[in-house]
Amino acid sequence: MLKIDGLKKKYGQSMALDGLSMQVDDGSLYGFVGPNGAGKTTTIKIITGLLLPDRGTVTIDGIDVTREPASVREKIGYVPDFFGIYDNVKVSEYMEFFASCYGLYGLKARRRCMMLLEQVRLDEKADFFVEGLSRGMKQRLSLARALIHNPALLIMDEPTAGLDPRTRLEFRQILKDLREQKKTILISSHILPELSEICTDIGIVDQGRVVLEGTMTDILNQINISSSLIISTKGNQDKAIEILRSHPSVQTIAIEQEDIVVGFTGDRQDEATLLKRLVDEGVRVYGFVREKGSLESVFMEITNHKEERLVLVHEG
Ligand code: ATP
């Protein structure tokens, strides 16, 4: 669906994108995540044709966004990270105005708008003024607007920023519905957990490059495989260490009182074999667990800007 190759963009002397490449497959919900200033908004602006890259290509279904911006725009629905000011406009009027921008008028427009308002759970607010809506409602209205021309690819920039947990939950449900309608969705955020729960794919961006990309399943498997084994023994720790030293999947060994923390690259089968060997050779093992790796810990490690730039917990 979306393919980005070697994107570069400078603002003056400051490098915003430094060879960013990524791929979003048909029907996926892709979490585009990275710390503040990583280059997410710049990338989205280029995809949506609002900004030209210095180098690199972006194609949607094989169509180049810089060469054929009009064709590409038909395929994209864009939900920006801000909501423009619309005074004295009712929700239905707001929707119908945007419908008219796509050549939809009269009954056809009204039907389409009402259907979309139902989809984002705003049908009961059709006669309310936009300015009186809550932040979460405005966000959903923005989403309904982005869907007017039935785009195949939906791009959302920080869609849940500033929303309370309940509103976020509603938003997630709407995203699930959209996936059932086979939409491909790209969501950018600097808050990882809320994406890791709903996304099928993740791309982590840092300093203008995608530094890790893959399906959630593959990434989580990798994390689990690279996490430590914690073996608790009673008494004969030396024997346990001797066995561990000779094991090919053991990379590091650290002693923490009665626990041995082992950098272990093996899979579950290797874990079982190791445990059996320890027990067979008389080591009294009373604890044997693989530390649960988390996407957050990987994010922290690879972006490595722990102090002020990452937000790894739900806000609000
Ligand atoms: P955030 O999560 O804070 O929105 P982001 O990942 O979306 O961040 P961008 O907004 O794309 O990051 O910014 C990437 C880099 O480019 C940052 O260093 C930013 O300061 C810089 N930048 C962005 N827009 C401009 C601009 N109009 N002029 C100059 N520098 C800019």
Side-chain angles (χ1 to χ4, degrees), residues 2-24 29-58 60 65-66 69 72 76-84 135-136 138-139 142-143 146 153-163 167-168 171 175 185-199 201-214 219 295-296 298-316:
L2 169 67
K3 198 166 181 329
I4 299 183
D5 204 15
L7 220 50
K8 291 202 175 205
K9 180 73 192 175
K10 265 187 176 179
Y11 294 104
Q13 285 310 301
S14 146
M15 182 74 87
L17 299 181
D18 188 16
L20 183 139
S21 300
M22 60 190 267
Q23 183 164 329
V24 180
L29 203 172
Y30 188 105
F32 189 39
V33 55
N36 293 127
K40 302 181 295 294
T41 302
T42 304
T43 305
I44 287 176
K45 281 185 179 162
I46 293 173
I47 300 171
T48 50
L50 297 171
L51 196 69
L52 284 173
D54 298 334
R55 290 179 78 170
T57 56
V58 179
I60 294 178
V65 301
T66 50
V72 159
I76 302 179
Y78 173 46
V79 185
D81 59 349
F82 61 88
F83 190 87
R135 193 183 166 89
K138 282 183 182 164
Q139 191 61 263
S142 192
L143 173 58
L153 173 65
L154 195 61
I155 298 178
M156 302 180 172
D157 199 359
E158 301 274 355
T160 54
L163 301 185
T167 320
R168 282 177 190 201
F171 205 78
L175 289 181
I185 305 169
L186 172 78
I187 297 189
S188 89
S189 178
H190 63 287
I191 307 169
L192 189 60
E194 67 178 34
L195 289 188
S196 58
E197 285 167 31
I198 52 170
C199 290
D201 297 74
I202 285 273
I204 296 182
V205 57
D206 189 40
Q207 298 180 340
R209 285 168 159 266
V210 170
V211 288
L212 180 69
E213 185 182 51
I219 290 178
L295 197 54
E296 285 91 319
V298 173
F299 186 35
M300 284 299 225
E301 215 170 280
I302 58 182
T303 56
N304 199 23
H305 313 289
K306 299 184 186 179
E307 316 79 20
E308 73 292 349
R309 292 166 66 194
L310 298 175
V311 181
L312 292 167
V313 289
H314 289 285
E315 289 174 328

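Everything quoted here is computed from the prediction, not taken from an experiment. These values consider heavy atoms only, across backbone and side chains, with no hydrogens, waters or symmetry-generated copies. Order of appearance sets the numbers: ligands from 1, and atoms from 1 within every ligand. In this chain, residues are counted from 1 in sequence order.
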Matching residue for Met156 among Leu175, Asp81, Leu186 - test: side chain to side chain contact (heavy atoms under 4.5 Å, CB included):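 Among the candidates, only Leu175 passes.
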Nearest protein heavy atom under 4.0 Å from atom 15 (C) of ligand 1, yes or no: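 For atom 15 (C) of ligand 1 the answer is yes, since some protein heavy atom falls inside 4.0 Å.
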Protein contact for atom 2 (O) of ligand 1 (heavy atom, distance under 4.0 Å):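 Within 4.0 Å: yes, protein heavy atom nearby.
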At what distance, to the nearest 0.5 angstrom, does [atom1] of [X] lie from [atom2] of [Y]?
X      : Y     : atom1 : atom2 : result
Lys10  : Asp18 : NZ    : CG    : 9.5 Å
Tyr78  : Ile47 : OH    : CD1   : 9.5 Å
Tyr11  : Leu51 : OH    : CG    : 5.0 Å
Lys45  : Leu52 : NZ    : CG    : 13.0 Å
Ile155 : Thr48 : CD1   : OG1   : 6.5 Å

Nitrogen or oxygen of Lys40 less than 3.5 angstrom from that of ligand 1: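 Yes - when backbone and side-chain N and O of Lys40 are compared with those of ligand 1, one distance drops under 3.5 Å.
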With sequence neighbours excluded, residues passing salt bridge (Lys or Arg N to Asp or Glu O under 4.0 Å) with Lys9: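 For Lys9, the residues satisfying salt bridge (Lys or Arg N to Asp or Glu O under 4.0 Å) (neighbours in sequence not counted) are Asp54.
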Does ligand 1 have an atom that lies less than 4.0 angstrom from a heavy atom of [X]?
X      : answer
Gly39  : yes
Glu158 : yes
Gly12  : no

Ser188 and ligand 1 - part of the residue with a heavy-atom distance under 4.0 Å: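 Looking at Ser188 and ligand 1, no heavy atom falls under 4.0 Å.
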Proximal candidate to atom 8 (O) of ligand 1 [heavy atom criterion; set Ala16, Ala38, Gly37]: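 Shortest heavy-atom distance from atom 8 (O) of ligand 1: Gly37.
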Which residue and atom name correspond to the protein heavy atom nearest [atom], and how close is it?
atom                    : value
atom 29 (C) of ligand 1 : Tyr11 CB, 3.3 Å
atom 4 (O) of ligand 1  : Thr41 OG1, 3.6 Å
atom 9 (P) of ligand 1  : Thr42 OG1, 3.6 Å

Non-hydrogen side-chain atoms of Val24 and Asp201 separated by less than 4.5 Å: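 No, too far: nothing below the 4.5 Å cut-off.
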Element-labelled atoms of ligand 1 that are located less than 4.0 Å from some non-hydrogen atom of Pro35: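 Contacts of ligand 1 toward Pro35, numbered from 1: 6 (O).
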